[in-house]
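Here's the structure we're looking at; comments come further down.
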Amino acid sequence: MLSKALELWAFRVTTLCKSVQAKAAAMSSLVVGLVIAFVYCWQMSLVMLGSIPIMVAATALQYLVVLGASKNENVNITNANQIVVDSVMNARTVQALCVEKGLVSMYVSWVEKSMVGMWRRNILAGMGFGISNGIFFFIMAGGFYIASFLIKENVADFEGVMMAFMGIFYAGMGAGQAAVMVGDASKAKVACHDMFQLMDRISAINGLEPTGDTPKQLEAGRIEFRDVKFFYPFRPEVLVLKGTSFSIAAGQSVGLVGPSGGGKSTVMSLIQRFYDPQEGQVLIGADRVPLNTVNIRWWRRQVGFVGQEPILFNTTVRANIMYGLDDDETVSDEHLCQCERISNLAFLHKGGNKGLETEVGPRGSRLSGGQKQRVAICRALIRNPPVMLLDEATSALDTQSEAIVQKALEAASEGRTSFAIAHRLSTIQGCDVILVNADGRVVEMGSHAELMASKGVYYKLQIQAQK
Ligand SMILES: Nc1ncnc2c1ncn2[C@@H]1O[C@H](COP(=O)(O)OP(=O)(O)OP(=O)(O)O)[C@@H](O)[C@H]1O
């Protein structure tokens, strides 16, 4: 934490220094040049003083035309490059969808856009550059004329006029170059202001803050939503949960079903306390402790999560599993073996794999989708959480892999409270309780048999799924 704070502080100081540096450079060029000029020949300096603002403007013009000419091209080339990066990152999807040609033409169209008006822009830039250079030559010519006049009239000697001339000339050029930098520094300051604001923003739910209770005796698997109303901060006009209420006993398996956009994943997010509801409460344990009063880190360690796309790091399976633990935390070999068994990681010991030392490759690319998911299950299990959240954990898998992973998920959920969102209704039929979430409310709740018998929304979803 301390090193991070120091790093941010150093960054701020550097940014500030750059801005101060630009202004200091402008001022010092001007002052030093003028002092030298006036010391050597005040008459020459006085006459040439008027040329300084013209030189500043000419230098600024030179920089601006060069930058302006490439600005538009940069935006379009950035977009073109983004297509290349996305295509390489998602090479398999690109090939599977046969969209290579489409992507190439998108790339070409961005590159072509960067060329629109290129000639005009560059000709204008060249002319601007030429004009500003011409101005310098005129000033130099004028300076030489005045210098020769002053020498001829015995007002000053050659050394004096030349020193004064060079002093004025470099004062103007230096100030012009620095003036452009001042503009950039101001822009950077504005950009940094936004970034600093983001850095300074104190998160409403800060997982690093050591605040809140860490109850020792809490039946964490007991979860209740009491008339929860919730909208996402960036879309306050859409009330996603409009009064969601349910109560789950510890150890129950819960299936969350309902139409797309009904708020199932939102319920999961609120259980993980990524957000707090604007109205109503999420309560945990037998004593119905409000979730927003407990320590977030502690709570999140009570909750295992397996999502649709497992994120694995480019290291061994063991390291990927151990990411589920705190830095100073260790687990017994026995517990690790048990998690491995429950997650069905037997494949790690077959076909040339090196058990837990098997390297998974970048983003887990050396494992199949089902294998990655089983590693993710093991990672969630290693902390032995009393609550398991499974958000469409098998939706990206083929039928065969789905069956294997589903078995692992069921084993992993045993003895814990589990919430499962599944796109295939068959996978949640065996749950103790099924919550049917529609239009931001729990409209039905019961076992599969009960809900089928009541012939409501769940029944209709089942009929639709069978068609
Ligand atoms: N981060 C977010 N910011 C704003 N709105 C969001 C955000 N996440 C989800 N929503 C909106 O909240 C509503 C509920 O989304 P949610 O993902 O909870 O539904 P869901 O039932 O899980 O849907 P699906 O079955 O399609 O995954 C949707 O209208 C969605 O557009």
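Every heavy atom of this structure was used, including side-chain atoms; hydrogens, water molecules and symmetry mates were not. As the structure lists them, so they are numbered: ligands from 1, and atoms in each ligand from 1.
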Check your understanding: What residue and atom, counting heavy atoms only, is the protein's closest point to atom 12 (O) of ligand 1, and at what distance?
Key -> Val240 CG2, 3.4 Å

Hey, can you pull the donor-acceptor pairs under 3.5 Å for the side chains in residues 345-354, sequence neighbours left out?
{"from": "His349", "atom 1": "NE2", "to": "Glu340", "atom 2": "OE2", "distance (Å)": "2.9"}
{"from": "Asn353", "atom 1": "ND2", "to": "Phe347", "atom 2": "O", "distance (Å)": "3.1"}
{"from": "Asn353", "atom 1": "ND2", "to": "Lys350", "atom 2": "O", "distance (Å)": "3.4"}

Exercise for review: Return the residue, atom name and 0.1 Å-rounded distance of the protein heavy atom closest to atom 31 (O) of ligand 1.
Suggested key: Arg235 NH1, 3.1 Å

Check your understanding: Which is closest to atom 1 (N) of ligand 1 in terms of heavy atoms, Phe231, Phe274, Phe230, Tyr232?
Key -> Tyr232

Check your understanding: Within the side chain of His448, is there an N or O that forms a donor-acceptor pair under 3.5 Å with the backbone of Gly430?
Key -> no

Practice item. Could you tell me whether Lys264 approaches ligand 1 through its side chain, its backbone, both or neither, with non-hydrogen atoms closer than 4.0 Å? Key: both

Revision key, fill the gap. Of all protein heavy atoms, the one nearest atom 17 (O) of ligand 1 is Ser265 CB, 3.6 Å

Review point. If you measure from the Lys or Arg side-chain nitrogens to the Asp or Glu carboxylate oxygens, is any gap between Glu359 and Arg366 under 4.0 Å?
Key: no

Review point. Looking only at atom types and distance, does a side-chain atom of Gln373 sit under 3.5 Å from a main-chain N or O of Ala393, one as donor and one as acceptor?
Key: yes

**Study point:** Under 3.5 Å donor-acceptor, Arg416 side chain and Pro385 backbone
**Key:** yes

Check your understanding: Do any nitrogen or oxygen atoms of Ile421 come within less than 3.5 Å of a nitrogen or oxygen of ligand 1?
Key -> no

Study note, to complete from the structure: The answer for which part of Thr266 has a heavy atom under 4.0 Å from ligand 1 is both

**Study point:** Winner among Gly261, Gly258, Pro236 once heavy atoms are compared against atom 28 (C) of ligand 1
**Key:** Gly261

Check your understanding: Tyr275 and Thr266: side-chain donor and acceptor closer than 3.5 Å?
Key -> no

Point to revise | Side-chain H-bond candidate by donor/acceptor type, Glu410 with Gln406, under 3.5 Å | key: yes

**Study point:** Closest approach of any protein heavy atom to atom 26 (O) of ligand 1, naming residue and atom
**Key:** Ser260 OG, 2.6 Å

